[in-house]
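This report concerns only the one structure given below.
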Amino acid sequence: MLERVSNILRLADQCSTSAIAFICTDYNMVYSVVTTAEKTNTPVIVMLLPEHVEMNNTMNVSGFAQMTKELAASVKVPVGLHLDHSYDYRSVMDAVRKGFDSVMIDASSHELEENIAITAKVVETAHIFGVDVEAEIGHVGLAQDCDGDKSDFYTKADAAERFCRETGCDSLTIAIGNAHGVYVETPHLDIARLEEINAATDVPLVLHGGSGIPHDQLEIAFTKGINKFNVGTEFLGVYYDAVTEYVKKTEGDGRPLKMLEVPMFVQERLEKYLEEKLKLSRF
Ligand SMILES: [Zn+2]
C-alpha cells in the first residue's frame, strides 16, 4: 500500500533500522522494488531523481508518480514515493503538483543562512499541501572527487540542530564520510559524528551515497539514527549487467520479438539483488 514516507521513517526509527530508498528510472525498477518488498515483507521507498528526467529523458514526473502509486496499491507492504535532490522551490512544487507527497530540497551548495532560507520556504508551502520534506546540511559530494574524505564538507551537530529548528524539515540528509557514485577507496563513516548529530536533532537522518559502503558500517549507522538510506548507482549497475547478459544470450538468434522478453529477464535479476539488499533493513 502507498504509505507516507514520514510514517515509514517513524516505523524504521522504532525498529532501530533504516528504510532503503531505491532510485528507479522505469517500470522494471519500480516493479522489482515493490514486488521484492512484498515478498520479503519489508517497507521500502521508491525514488525519482529529477536529473534522470531532465538529462536522460527516462520518464515524465507525473507518469512515474502514478505508476508507483498503482503498483504500491497492489501490495500489502508499505511503499513510499519520494522525489530525490531538487535544487529549487519551483521544481519541488512542480513535483508536488504532479503527485509527489514527499520531496527533497537540496540547497546544501549554498551557505548555511541561504540553505536555511530556501529550505524553510519550501517546507512552509509543502506542509500546507501535506507534503514531507527532506533537506540537506553539510555537503554530500561526489565519490569520484573523493568528497566523502573531505571533513570540511561534514555536517556539524550544532548547525544541524539549528537547521532543523529553523526550517521545520521532516528528515535530514547528513554528510559523515559518504558520497554519491562509485567510491575510489572504501568509505569510513564518521560514527561518532553521527551520534552527536542524532543527539542534537529529533528528525530521522538520511544517508545518501549508499552504493559501496560496507554492510558492517551500515548496520552500525542504522542503529545510531540513520532511518533512510539511498541506493542508486549499485541498482542501476545491476540493471545494466542484466541487459548485457540478455543481449549476449540472445544475440544473432534471429527471433524478431525477443525484445518482449527483456522486462521479465531483468526483473528477475533486479529482484535477486533487491532481496539481498533488503536484508539490511530490519523492520
Ligand atoms: Zn543524494
Side-chain angles (χ1 to χ4, degrees), residues 5-6 8-9 12 18-25 29-30 33 44-56 58 61 64 80-88 91-92 95 100 102-110 115 118-119 122-123 126 132-150 153-155 160 163-164 167 169-184 187 189-190 193-194 197 203-213 217-218 221-222 225-237 239 277 280-281:
V5 168
S6 54
I8 293 176
L9 300 192
S18 178
I20 306 184
F22 292 98
I23 286 183
C24 298
T25 60
M29 297 182 96
V30 179
V33 169
V44 79
I45 297 166
V46 169
M47 216 161 45
L48 175 70
L49 179 61
E51 267 168 45
H52 290 162
V53 175
E54 291 149 19
M55 293 163 66
N56 308 104
T58 50
V61 176
F64 188 95
L81 170 68
H82 179 74
L83 186 81
D84 204 8
H85 298 271
S86 271
Y87 300 101
D88 58 59
S91 51
V92 167
F100 279 78
S102 179
V103 296
M104 178 189 192
I105 174 71
D106 175 4
S108 68
S109 60
H110 298 273
N115 187 354
I118 294 168
T119 304
V122 167
V123 171
D132 302 325
V133 180
E134 177 183 329
E136 176 168 332
I137 182 174
H139 184 62
V140 182
L142 297 174
Q144 68 199 39
D145 297 338
C146 295
D147 284 348
D149 301 335
K150 295 172 185 159
F153 281 9
Y154 289 11
T155 305
F163 186 88
C164 290
T167 65
C169 65
D170 301 287
S171 61
L172 185 67
T173 296
I174 57 170
I176 53 167
N178 47 310
H180 296 111
V182 181
Y183 292 96
V184 180
L189 298 180
D190 187 343
R193 187 182 293 261
L194 170 60
I197 298 167
V203 297
L205 302 175
V206 184
L207 191 69
H208 285 227
S211 303
I213 300 176
Q217 291 188 44
L218 290 175
F222 291 177
I226 296 295
N227 299 131
K228 175 171 175 278
F229 169 59
N230 289 7
V231 177
T233 304
E234 202 175 82
F235 191 30
L236 283 163
Y239 194 170
K277 202 74 191 172
L280 276 168
S281 198

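By convention here, the first residue in the shown sequence is residue 1. Indexing begins at 1, ligand by ligand and atom by atom, following the structure's order.
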Between H85 and H180, is the ring centre distance below 6.0 Å? yes
Residues at least two apart in sequence or cross-chain that pass salt bridge (charged side-chain N to carboxylate O under 4.0 Å, His left out) with D106, listed by chain then number, are none
Ignoring waters, protein N/O/S atoms under 2.8 Å from the Zn ion (ligand 1) are H85 NE2, H180 NE2, H208 ND1
Give a yes or no on whether the backbone of H208 and the side-chain of N178 come within a donor-acceptor separation of less than 3.5 Å.
yes
Q.
I'd like to check V133 versus I105 (side-chain heavy atoms, cut-off strictly below 4.5 Å). Are they in contact?
A. yes
Open item on the list: Test side chain to side chain contact (heavy atoms under 4.5 Å, CB included) on L236 and H52; report intermediate values, then the result.
Closed with: CA-CA 12 Å; L236 283 163; H52 290 162; 4.2 Å; yes
Problem - T173 side chain near I137 side chain, heavy-atom distance below 4.5 Å - result: no
